[in-house]
Novice: 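Take a look at the following structure, please.
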Amino acid sequence: MGKNKPKVATACMCGCSGCHMSFLDVDEFVKDLAELVEFQSSHVIMDIKDIGKVDIGILEGTITNDENVEVAKKMRENCDILVAWGDCACFGGIMTMRNFGQIDNILEECYVEKGDEDSVVPDDDLIPTLTKKAKSVDEVIKVDAYIPGCPPSAEIIRYGLEKLLEGEIPKLDKDKLRY
Ligand code: SF4
């Protein structure tokens with residue numbers, strides 16, 4: 001990382017934003033972090049979603065539609081260190097339950113069977129097209145660091161960010177992964 005403040009971007013794909021919410025629990029570390037890094041984009045921290053060149057790119061959520069693939073690839077192209085943040089990003093998480101069914105049946109059940117009598121499956125131009133399978137981030141792009149948990153605790157997030165800012169890849173042993 002250069003002499004200037006490292007730049008950080010975060011993005012949410014198919015996730016619940018819980019990992020980002022947990023980040024906000026790092027309390028006063030947010031203030032320290034604001035001194036240490038420059039947030040380039042983040043839908044939660046600054047409501048800027050256009051990912052630019054950064055040192056650290058952090059992705060929350062599963063890759064489950066073509067829009068998520070685009071966000072993941074854009075983050076990969078624009079960052080030096082890419083972090084999978086939370087169980088959805090690291091392992092696929094709860095979204096991968098849909099891998100046991102057929103996409104057409106799932107869309108039908110969600111939009112038609114659970115909707116009212118006029119409900120239809122929306123056209124592809126109204127909702128992003130689902131990928132064949134819901135995937136962890138590293139099934140689509142290279143990941144450099146993993147910070148698991150659902151959500152990762154504020155303590156783990158802080159530890160991970162501190163290590164990354166020291167130029168190290170965080171290693172999370174069993175003690176750090178116990179909740
Ligand atoms: S890992 Fe958990 S908290 Fe984070 S996006 Fe997935 S479901 Fe939400």
Side-chain angles (χ1 to χ4, degrees), residues 8-30 33 37 39-51 54 56-76 78-79 81-101 103 106-107 109-111 114 127-165 169-179:
V8 177
T10 80
C12 187
M13 300 180 298
C14 194
C16 69
S17 289
C19 298
H20 278 80
M21 290 300 120
S22 187
F23 167 74
L24 298 178
D25 281 343
V26 294
D27 297 327
E28 77 279 2
F29 182 58
V30 171
L33 207 53
V37 304
F39 281 99
Q40 183 276 327
S41 63
S42 173
H43 73 299
V44 166
I45 297 157
M46 58 207 297
D47 200 22
I48 296 177
K49 296 179 195 151
D50 193 15
I51 300 164
V54 291
I56 301 172
I58 299 175
L59 288 175
E60 173 195 307
T62 312
I63 296 180
T64 190
N65 62 44
D66 56 0
E67 203 175 274
N68 302 152
V69 173
E70 208 177 296
V71 169
K73 288 187 173 169
K74 188 159 188 193
M75 187 68 95
R76 181 69 274 179
N78 279 286
C79 73
I81 301 289
L82 190 136
V83 184
W85 206 20
D87 283 357
C88 292
C90 293
F91 313 118
I94 192 124
M95 310 305 166
T96 55
M97 285 181 72
R98 82 157 166 89
N99 294 348
F100 295 104
I103 289 179
I106 292 165
L107 289 171
E109 187 173 340
C110 293
Y111 286 100
K114 303 267 191 292
I127 55 169
T129 306
L130 292 179
T131 48
K132 207 165 164 199
K133 298 278 177 197
K135 295 175 179 177
S136 59
V137 177
D138 63 4
E139 288 179 89
V140 177
I141 54 165
K142 179 175 169 277
V143 169
D144 303 301
Y146 296 83
I147 302 182
C150 182
S153 66
E155 186 196 338
I156 295 297
I157 291 172
R158 177 177 179 156
Y159 170 81
L161 289 174
E162 283 176 339
K163 284 289 163 200
L164 289 166
L165 292 173
I169 297 296
K171 298 249 181 305
L172 298 168
D173 56 27
K174 269 193 267 174
D175 285 346
K176 290 203 173 48
L177 293 175
R178 192 170 294 142
Y179 297 99

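For ligands, and for the atoms within them, numbers begin at 1 and follow the listed sequence.
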Novice: Of all the non-hydrogen atoms in the protein, which one sits nearest to atom 6 (Fe) of ligand 1, and at what distance?
Specialist: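 Checking every protein heavy atom, the shortest distance to atom 6 (Fe) of ligand 1 gives C88 SG, 2.3 Å.
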Novice: Yes or no on side chain to side chain contact (heavy atoms under 4.5 Å, CB included) for L59 and V143, after CA distance, side-chain angles and deciding distance?
Specialist: CA-CA 10 Å; L59 288 175; V143 169; over 6 Å; no
Novice: Counting each atom of ligand 1 from 1 as listed, which ones have a heavy atom of P151 under 4.0 Å away?
Specialist: 3 (S)
Novice: G149 heavy atoms, cut-off 4.0 Å: which ligand 1 atoms fall inside?
Specialist: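 Every atom of ligand 1 under 4.0 Å from some heavy atom of G149: 1 (S).
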Novice: Would you say P152 touches ligand 1, if touching means a heavy atom closer than 4.0 Å?
Specialist: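 P152 does not count as a contact of ligand 1 under the 4.0 Å cut-off.
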Novice: Any N/O/S atom of C150 sitting less than 2.8 Å from atom 6 (Fe) of ligand 1, backbone or side chain?
Specialist: no
Novice: Any non-hydrogen atom of D87 lying under 4.0 Å from ligand 1?
Specialist: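 It does, in that a heavy atom of D87 comes within the 4.0 Å cut-off of ligand 1.
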Novice: Answer yes or no for C16: is there an N/O/S atom below the 2.8 Å cut-off from atom 8 (Fe) of ligand 1?
Specialist: yes
Novice: Any side-chain heavy-atom pair from R158 and F23 closer than 4.5 angstrom?
Specialist: no
Novice: Counting from 1, what ligand 1 atoms have a heavy atom of G18 closer than 4.0 Å?
Specialist: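 That gives atoms 3 (S) of ligand 1.
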Novice: For ligand 1, which atoms have a heavy atom of E60 less than 4.0 angstrom away?
Specialist: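 Selected atoms, number and element: 5 (S).
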Novice: Distance check, rounded to the nearest 0.5 Å: L165 atom CG versus K163 atom NZ?
Specialist: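 Taking CG in L165 and NZ in K163, the distance rounds to 11.0 Å.
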Novice: Considering only NZ, NE, NH1 and NH2 on the basic side and carboxylate oxygens on the acidic side, decide whether D50 and K74 come within less than 4.0 Å.
Specialist: yes
Novice: Decide side-chain hydrogen bond (donor to acceptor under 3.5 Å, both in side chains) for H43 and S17; before the verdict, give the C-alpha distance in whole Å, the side-chain angles of both, and the deciding distance to 0.1 Å.
Specialist: CA-CA 9 Å; H43 73 299; S17 289; 3.2 Å; yes
Novice: Answer whether the closest heavy-atom distance between the side chains of K142 and L82 falls below 4.5 Å.
Specialist: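 Contact flag for K142/L82 side chains = no.
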Novice: If you look at every heavy atom in I169 and A145, which pair is closest and at what distance?
Specialist: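 Minimum heavy-atom contact is CG2-CB, 4.1 Å.
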Novice: Please list, in number order, the atoms of ligand 1 under 4.0 Å from a heavy atom of C19.
Specialist: 1 (S), 3 (S), 4 (Fe), 5 (S)
